[in-house]
Amino acid sequence: MQVFVPETLDAVVETFERMGEATGKFTSPEDCEPDEIADAFIKYADELDFDDASASLGELASILFLVTGKSDNNAKCQLPLYLRDQVKLTTFPTVVKSRKKKNLSVTTKDGEIPHILTSDKYMEVVAALKSAPHHQKVFLNHFIKFLLSDDKYVSQLWSIGYSYFALKSFGKERDFLSPLVVFKIRGSVAASGGHDPEVLLRDRLMEWGLQPGIDFNLADVPLSVLKKLITGKDDPKPAKGEDKKKKAKTRAYDFVLPYKTPGTHRRVLVQSQFYSGDSGSVSHKNVDQTASSRVAVRAFLSDAIFAEYVDGAGYFSSLNGDLESLLEMEGSVFFQIRSAPVRLRRELQHAGFLMPLEIQQATYRVPVPKRDKVVGVLKAEGYSEEEIGRALQASLDRGLLVEEKLKLAPRPEDKDTVRRYLLLDVAAAKGEDHDPTSDQSGLVMVPGYGPFHGIKGLDLIKEAKALAPGLASQLDQSEVMLADLDWLKAQKMTL
């Protein structure tokens with residue numbers, strides 16, 4: 001789907017040109033002064049009508065979100081607190097619009113600082129303060145300082161701005177900004193399309209043999225539901241007259257793994273962090289809610305594993321601000337959809353939860369896959385006898401495993417998938433980190449271990465045959481291997 005819009009690129013170019021006027025074309029990071037940037041944009045906005053001024057200021061906000069890796073959806077909760085606690089505002093203007101004879105009249109009136117304040121609403125206020133240019137500049141200055149709250153954010157803005165003007169001398173400045181614009185718009189498209197990454201992850205879970213509604217949930221799991229699932233007890237009703245507002249807000253979990261599977265396991269609790277382009281995120285919640293949720297969970301599930309599910313831009317955001325704080329919390333791990341087959345499966349293994357895919361692989365890891373031999377492989381992997389018995393019987397009952405003449409094997413339609421995942425696992429386990437400047441031809445690289453972790457194709461075949469003698473004859477077929485490697489690459493599990 002083509003999502004590039006030339007008019008959007010024009011707006012981004014105009015924004016960088018305007019910032020260039022304020023920063024001396026980004027001569028140095030020290031020139032990225034919020035006060036000067038605010039002054040330049042206010043002078044320009046004063047020449048425009050209300051709608052155009054709001055749009056121009058909104059584009060500035062959009063670019064600042066983009067270059068800092070922050071999101072409007074998270075900032076809308078933190079901005080009011082910043083205005084109240086650091087700027088020390090006690091009131092905040094609201095925009096009043098009226099139409100007389102098709103003419104739009106815009107004024108402001110003071111009210112309480114809202115609990116939620118999006119960048120669009122904020123920039124409408126700035127545009128509406130046209131009759132009070134001093135206040136207009138001050139409010140825009142507050143917003144810019146809020147986003148450029150650290151030297152690293154200033155450095156990120158400067159790096160992109162400096163590169164833009166450096167490339168302008170070659171006539172390539174628009175080419176430089178084009179990928180940013182595509183990224184920005186695709187993010188907005190993703191936001192309007194719903195939680196597609198969660199659908200993708202559910203598809204992966206089913207590919208591993210997990211049952212919807214049993215091994216993983218199909219809807220968000222609030223804390224109260226999780227607690228009842230673990231303890232079998234409902235939360236006590238609040239005492240009469242107890243202030244419900246004092247109760248800390250908590251966040252539901254997008255995935256509970258395993259969910260209602262019989263047996264005793266640790267649980268992996270997953271929350272999604274999806275950045276959605278220039279002005280928001282699909283589900284980027286307040287850090288305080290996540291922290292409150294974890295404290296509450298620890299009270300009845302002390303060994304829970306907490307994981308953050310991020311997309312590509314969310315990974316970038318993880319190096320900045322709030323998501324970094326989440327990942328620094330005790331026990332946190334994170335994964336992306338492309339690294340889930342390695343990183344999330346690894347956490348489920350740490351939790352002691354045995355999935356059908358792992359049993360199917362184990363049938364290939366012994367020359368004669370009799371039940372006791374397959375069980376021995378799984379015991380060596382660290383799974384308990386109780387869990388092996390449960391998962392093995394469940395896989396047989398569901399037809400994911402077949403047993404003929406006392407030999408176990410994956411059902412026929414799963415054999416290609418099982419073999420391909422085994423190749424992925426061997427590439428991850430036997431691969432090494434490579435120098436990015438070295439020759440990488442013939443490398444099968446695996447996301448989730450660093451940017452250049454991989455193994456040579458021929459070495460991969462050799463290691464896989466040694467680990468899984470039951471697959472040796474298939475791995476000797478070049479057509480099979482090439483098809484498997486192409487599939488892994490098409491699924492973005494390897495590079």
Side-chain angles (χ1 to χ4, degrees), residues 34 38 54 57-58 60-62 64-65 68-97 106-129 132 135-136 138-150 153 188 191-192 195 220 222-224 238 241-254 271-296 314 317 320-326 329:
S54 297
L57 295 168
L60 170 63
S62 170
L64 291 176
F65 280 127
T68 60
K70 298 184 179 183
S71 69
D72 193 21
N73 197 49
N74 187 248
K76 70 184 182 184
C77 298
Q78 297 183 347
L79 180 55
L81 298 177
Y82 171 81
L83 296 174
R84 184 194 70 189
D85 298 338
Q86 297 190 42
V87 180
K88 304 300 182 183
L89 292 185
T90 56
T91 61
F92 188 79
T94 56
V95 177
V96 180
K97 301 178 184 178
V106 181
T107 57
T108 62
K109 66 176 182 179
D110 283 343
E112 294 183 353
I113 300 176
H115 295 297
I116 295 175
L117 188 56
T118 65
S119 61
D120 286 344
K121 291 295 182 184
Y122 194 96
M123 292 311 178
E124 279 192 352
V125 167
V126 175
L129 289 170
H135 288 90
Q136 193 178 32
V138 166
F139 272 92
L140 183 56
N141 198 17
H142 290 329
F143 183 87
I144 298 171
K145 284 184 175 180
F146 167 69
L147 290 183
L148 301 180
S149 57
D150 190 277
Y153 299 132
S188 299
S192 64
H195 291 197
D220 291 357
L223 191 62
S224 58
E242 184 179 339
D243 188 356
K244 297 180 182 179
K245 293 182 179 180
K246 290 184 179 180
K247 189 175 180 180
K249 290 185 177 180
T250 57
R251 191 184 160 189
Y253 288 94
D254 299 293
Q271 290 182 328
S272 304
Q273 311 289 352
F274 299 127
Y275 186 87
S276 300
D278 60 309
S279 62
S281 64
V282 174
S283 58
H284 191 84
K285 296 294 191 295
N286 190 288
V287 177
D288 293 339
Q289 291 185 17
T290 299
S292 299
S293 297
R294 293 190 180 186
V295 169
S317 296
N320 299 275
D322 298 318
L323 194 49
E324 181 180 23
S325 299
L326 293 179
M329 291 180 183

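What's counted below: heavy atoms across the whole structure, side chains too, no hydrogens, waters or symmetry copies.
Rounded to the nearest 0.5 angstrom, Leu117 CG and Leu81 CG are separated by 10.5 Å. For the atom pair OG1 (Thr118) and CG (Leu79), the distance works out to 9.5 Å, reported to the nearest 0.5 Å. Once rounded to the nearest 0.5 Å, the distance linking CG of Leu57 with CZ of Phe143 reads 10.0 Å. Note that the OG atom of Ser293 and the CD atom of Gln271 stand 5.5 Å from one another [nearest 0.5 Å].
Between Pro93 and Phe139 there is a side-chain heavy-atom pair separated by less than 4.5 Å. No side-chain heavy atom of Phe146 sits less than 4.5 Å from a side-chain heavy atom of Gln86. Two residues are said to be in side-chain contact when any heavy atoms from C-beta on lie closer than 4.5 Å; Leu60 and Leu140 meet this criterion. When side chains are defined from C-beta on, Tyr122 counts as touching Leu83, because their heavy atoms get closer than 4.5 Å.
What you find for Met123 and Ala61 is that their closest heavy atoms are CE-CB, 3.9 Å. Of all heavy-atom pairs between Pro80 and Pro114, the closest is CB-O, 3.1 Å. Listed here is the closest heavy atom pair of Tyr153 and Leu147: CD1-O, 3.6 Å. Ser272 and Asp254 get closest at one heavy-atom pair: N-OD2, 2.7 Å. For Ile144 against Pro34, the heavy-atom pair with the smallest separation is CG2-CB, 3.7 Å. Here the shortest heavy-atom pairing between Val95 and Ala128 reads CG2-CB, 4.0 Å.
In this structure, the side chain of Ser62 does not engage the main chain of Gly58 through any donor-acceptor pair within 3.5 Å. With hydrogens and angles ignored, the 3.5 Å screen pairs no side-chain donor or acceptor of Glu112 with any backbone N or O of Phe92. Between the side chain of Thr94 and the main chain of Lys109, a donor-acceptor pair closer than 3.5 Å is present.
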Does Tyr253 form a side chain to side chain contact (heavy atoms under 4.5 Å, CB included) with Asp220? I'd like the steps, not just the answer. CA-CA 6 Å; Tyr253 288 94; Asp220 291 357; over 6 Å; no

